[in-house]
Amino acid sequence: MPTQHPASAINGTTDAHVVVEMVSQPRYLSGARDLVAAVAKRLGFTDHDCGQIALAVDEALCNVIRHGYDRREDQKIWLNIWPARDPDDESKTGIRILIEDEAQQVDPEQIQPRDLDEIRPGGLGVYIIREVMDEARFERRPESTVGMRLDMTKWVRPRTETPNEKPEDSGEGTKTDA
Amino acid sequence: MLEVSVEQRSEGTLIRPDGEVDLSTSRELQMALKNAMSAKPQRVIVDLEKVPYMDSSGVATLVEAMQIARKQSSSLVLCSMQDKVRSIFEIARLDRVFTIVPSMDEALTS
């Protein structure tokens with residue numbers, strides 16, 4: 001089993017600006033949420049969107065803990081965060097979050113949201129992730145026989161879409177990827 | 001850390017979780033709801049005033065309680081929901097499925 005941080009395997013990106021290696025214990029979800037929300041705030045998101053991004057990360061981590069690791073609490077999860085900038089539109093900025101694990105690989109096509117008309121406990125995580133984030137892609141970790149990863153991006157919405165909320169001045173936090 | 005208090009009143013059973021409800025804490029809420037439901041009360045009110053955050057594991061716990069309530073003809077009412085928590089119910093379109101009222105007073109008379 002590989003134990004080294006896998007972010008270097010990401011093609012076409014610089015190293016993440018924030019990297020967290022955590023064990024698969026639900027008690028650390030709260031800390032991960034707080035971190036992601038704080039970074040998103042610095043990248044220009046409103047409080048509402050920061051909360052939604054933190055929710056998406058929470059759901060993704062829960063899925064790894066519950067389904068990937070079958071609730072084993074001594075496994076590793078990596079949370080990588082970058083500021084994002086659309087190469088086709090320099091004014092479009094956002095956040096990119098990559099969550100990686102060392103769980104058994106599954107066919108990414110099998111990771112699908114469930115039908116919301118079916119009212120039952122559970123199975124909402126993937127739906128919430130896709131609903132909240134602008135882009136979300138599940139894939140097997142490249143160059144490895146174990147581990148999945150979820151690559152998510154959300155773009156800062158123009159101010160007119162959220163007139164009642166002001167993001168914090170993003171200032172130095174908006175460094176861009178190469 | 002989640003604390004859940006339970007109060008029996010003439011209007012029904014009041015359940016008051018205090019803290020974030022996520023994968024690490026939803027079990028506490030689940031146990032409180034199951035215990036409350038086992039007495040088959042006419043009404044169970046979950047006061048969410050002191051719940052600043054809930055993820056899908058918390059929502060799943062409430063869906064499970066709603067299903068039990070329907071089977072035994074109890075009513076389950078959610079009240080005093082914070083905006084951040086309401087957001088996940090709206091995303092999952094469960095705000096149309098649950099009885100959600102703004103205040104405890106309304107929950108007691110719903």
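A, B, ... follow the sequence lines: proteins, then strands. Residue 1 opens every chain.
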Counting neighbours of [atom1] on [X] that are heavy atoms of other residues, nucleotides or ligands and sit closer than 6.0 Å, is the number greater than 12?
{"X": "B:Glu3", "atom1": "CD", "value": "no"}
{"X": "A:Asp34", "atom1": "CG", "value": "yes"}
{"X": "A:Gln104", "atom1": "CD", "value": "no"}
{"X": "A:Arg72", "atom1": "CZ", "value": "yes"}

Steps toward side-chain contact (heavy atoms from CB on, under 4.5 Å) verdict (B:Ile88, A:Leu124): CA-CA 10 Å; B:Ile88 188 170; A:Leu124 286 172; over 6 Å; no
Chain A interface, residue from B:Thr25, B:Val97, B:Val63 that has the most non-hydrogen pairs under 4.5 Å: B:Val63
Could you grab the distance from atom [atom1] of [X] to atom [atom2] of [Y], nearest 0.5 Å is fine?
{"X": "A:Asn63", "Y": "B:Ser56", "atom1": "CG", "atom2": "OG", "answer": "7.0 Å"}
{"X": "A:Arg27", "Y": "B:Asp22", "atom1": "CZ", "atom2": "CG", "answer": "12.5 Å"}
{"X": "A:Asp58", "Y": "B:Ser57", "atom1": "CG", "atom2": "OG", "answer": "7.0 Å"}

Does [X] belong to the same Ile/Leu/Val/Met/Phe/Trp/Tyr cluster as [Y], with side-chain heavy atoms less than 4.5 Å apart forming each link?
{"X": "A:Val126", "Y": "B:Ile91", "answer": "yes"}
{"X": "B:Val85", "Y": "B:Ile45", "answer": "no"}
{"X": "B:Ile15", "Y": "B:Val101", "answer": "no"}
{"X": "B:Leu2", "Y": "B:Met31", "answer": "no"}

Check whether [X] gets within reach of chain A through its side chain, its backbone, both or neither, counting any heavy atom under 4.5 Å.
{"X": "B:Leu62", "result": "neither"}
{"X": "B:Met1", "result": "neither"}
{"X": "B:Glu64", "result": "both"}

Portion of A:Leu61 that has a non-hydrogen atom of chain B nearer than 4.5 angstrom: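 Neither part.
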Toward chain B, the part of A:Arg71 with a non-hydrogen atom under 4.5 Å: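 It is the side chain, since no backbone atom gets that close.
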Which of A:Glu131, A:Arg33, A:Gln52 touches chain B most, by non-hydrogen pairs under 4.5 Å: A:Arg33
B:Met54 to A:Leu55 - nearest heavy-atom pair and separation: O-CD1, 4.1 Å
